[in-house]
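First comes the structure, then the notes that go with it.
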Amino acid sequence: TYGWWDKDLKFTRRLELGGKVHLSSWGTQLEARTASLQNYIYYGAKGEPSQYSDIIQVLSLRARQTGSAGLLNWDVEAAYQTSTQPSVLPLPQLAVAADVYLRFLVAQVLRIDLGVKGYWHSAYYAPYYQPAHQQFALQTEGRVGGQAPLLNAYANLRLKRARFFFQMYNVGEALFSNERLSMYKYPYAPMHLAAGVVVDLNN
């Protein structure tokens with residue numbers, strides 16, 4: 001009803017090489033990957049599948065650092081990635097995710113984590129979700145990202161096998177202004193408070 005095509009598509013070829021270094025004593029991870037794609041299949045702006053017969057080269061560099069100092073703990077990850085054909089395979093060049101929190105005990109039985117998680121990536125023409133085909137299609141009408149990060153403040157309270165959590169989603173909305181887009185034409189939820197209880201029933 002919403003889309004019809006009859007195309008002769010060739011098999012996709014992919015050659016990927018990469019390496020990872022893990023320095024456990026420092027809490028550091030470094031990773032580098034490169035991929036060569038031929039006959040890459042993608043969905044164009046009209047929602048129809050297309051194939052890029054030439055080779056697309058993709059490079060990804062990733063670094064992660066975890067550690068602690070007293071009550072303060074952190075888990076920070078950053079990535080750089082690029083594609084030789086951004087019009088066919090668009091990627092955000094920079095992406096950063098961070099989790100910074102305080103961890104302490106109350107009465108030697110209640111473990112409490114108080115922290116903030118943040119996510120940010122540079123602006124790019126992110127594909128949009130095509131619900132008729134249930135696929136991601138390319139677009140060049142609007143960029144996504146590059147503005148204020150998505151920040152979530154949280155509190156985790158763990159007592160034996162029970163965990164109580166509170167999360168203020170998108171708390172950065174009270175401090176920054178942005179278009180609140182997780183994907184093109186798909187905004188993420190406004191600031192709200194979520195709470196719940198998780199019980200571990202495993203022996």
Side-chain angles (χ1 to χ4, degrees), residues 1-23 27-66 75-99 117-152 169-170 172 176 178-189:
T1 303
Y2 299 103
W4 189 270
W5 53 80
D6 184 9
K7 297 186 177 183
D8 183 17
L9 301 176
K10 299 179 181 179
F11 285 105
T12 299
R13 298 174 180 174
R14 179 188 183 102
L15 175 63
E16 184 173 343
L17 300 174
K20 180 186 294 186
V21 177
H22 186 194
L23 305 175
T28 303
Q29 293 184 27
L30 302 174
E31 182 179 357
R33 290 187 177 275
T34 180
S36 299
L37 308 176
Q38 188 178 25
N39 298 330
Y40 177 73
I41 299 174
Y42 63 97
Y43 284 79
K46 295 182 179 180
E48 296 185 1
S50 300
Q51 190 164 46
Y52 188 80
S53 59
D54 292 338
I55 294 178
I56 301 176
Q57 197 71 34
V58 179
L59 174 64
S60 173
L61 304 175
R62 187 181 302 269
R64 182 179 181 184
Q65 177 67 46
T66 60
D75 186 349
V76 182
E77 187 171 2
Y80 168 81
Q81 52 191 5
T82 181
S83 166
T84 56
Q85 291 295 330
S87 61
V88 175
L89 182 57
L91 297 171
Q93 282 196 330
L94 296 175
V96 180
D99 183 8
K117 285 186 177 182
Y119 309 92
W120 178 89
H121 62 79
S122 57
Y124 75 113
Y125 290 110
Y128 73 98
Y129 181 69
Q130 173 59 264
H133 306 146
Q134 298 182 2
Q135 299 291 336
F136 288 92
L138 300 180
Q139 59 85 25
T140 56
E141 296 179 0
R143 293 177 178 265
V144 175
Q147 298 179 335
L150 172 64
L151 299 176
N152 301 323
Y169 182 81
N170 191 17
F176 313 105
N178 58 40
E179 296 181 352
R180 290 193 339 191
L181 291 177
S182 60
M183 295 186 300
Y184 181 63
K185 295 185 178 180
Y186 284 84
Y188 48 76

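Between G142 and Y125, the closest heavy-atom pair is O-CD2, 3.5 Å. Taking both residues in full, the closest heavy atoms of Y129 and Y186 are given as O-OH, 3.2 Å, listed atom of the first, atom of the second, then distance. Considering all non-hydrogen atoms of both residues, Q38 and S53 come closest at CG-O, 3.3 Å. When all heavy atoms of A137 and G44 are compared, the pair lying nearest together is CB-O, 3.4 Å. Heavy atoms only, all atoms of each residue included: A126 and Y184 are closest at O-CB, 3.9 Å. Nearest heavy-atom pair, L61 versus A32, reported as atom, atom and distance to 0.1 Å: CD2-CB, 3.7 Å.
Using bins of under 30°, 30° to 60° and over 60° for the plane-to-plane angle, the ring pair Y124/H121 lands in the perpendicular bin.
Side-chain N or O atoms of W120 include none that pairs as donor or acceptor with a backbone N or O of L150 at under 3.5 Å. In this structure, S122 contributes its side chain and L94 its backbone to a donor-acceptor pair below 3.5 Å. N39 places a side-chain N or O within 3.5 Å of a backbone atom of F11 that can act as its donor or acceptor partner.
Between D99 atom CG and K117 atom NZ the span is 5.0 Å, to the nearest 0.5 Å. Taken from NZ in K20 to CG in L30, the straight-line distance is 11.0 Å, to the nearest 0.5 Å. To the nearest 0.5 Å, atoms CG (L91) and CG (L59) are separated by 10.5 Å. Atom CD1 of I55 sits about 9.5 Å away from atom CG of L37, to the nearest 0.5 Å. Taking CD of E48 as the start and CD of Q130 as the end, the distance is 11.0 Å to the nearest 0.5 Å. The distance from atom NZ of K185 to atom OH of Y128, rounded to the nearest 0.5 Å, is 6.5 Å.
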Can you give the donor-acceptor pairs under 3.5 Å from side chains of residues 76-88 to other protein atoms, not counting sequence neighbours?
unit_1: E77; atom_1: OE2; unit_2: R62; atom_2: NH1; d: 3.2
unit_1: Q81; atom_1: NE2; unit_2: P92; atom_2: O; d: 3.2
unit_1: S83; atom_1: OG; unit_2: Q85; atom_2: N; d: 3.2
unit_1: S83; atom_1: OG; unit_2: L89; atom_2: O; d: 3.2
unit_1: T84; atom_1: OG1; unit_2: Q57; atom_2: N; d: 2.9
unit_1: Q85; atom_1: NE2; unit_2: Y52; atom_2: OH; d: 3.2

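Applying the side chain to side chain donor-acceptor pair (under 3.5 Å) test to Q134 and every residue at least two apart in sequence or in another chain returns nothing. Residues that satisfy the salt bridge (charged side-chain N to carboxylate O under 4.0 Å, His left out) test with R33, not counting sequence neighbours, are E16, E31.
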- Task: Before giving the answer on side-chain contact (heavy atoms from CB on, under 4.5 Å), spell out for M183 and F136 the whole-Å C-alpha distance, their side-chain angles and the decisive distance to 0.1 Å.
- Result: CA-CA 10 Å; M183 295 186 300; F136 288 92; 3.2 Å; yes
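You'll find the side chain of Y119 stays beyond 4.5 Å of the side chain of P149, heavy atoms only.
Residue K7 qualifies as enclosed at atom NZ: its count of foreign heavy atoms under 6.0 Å is above 12.
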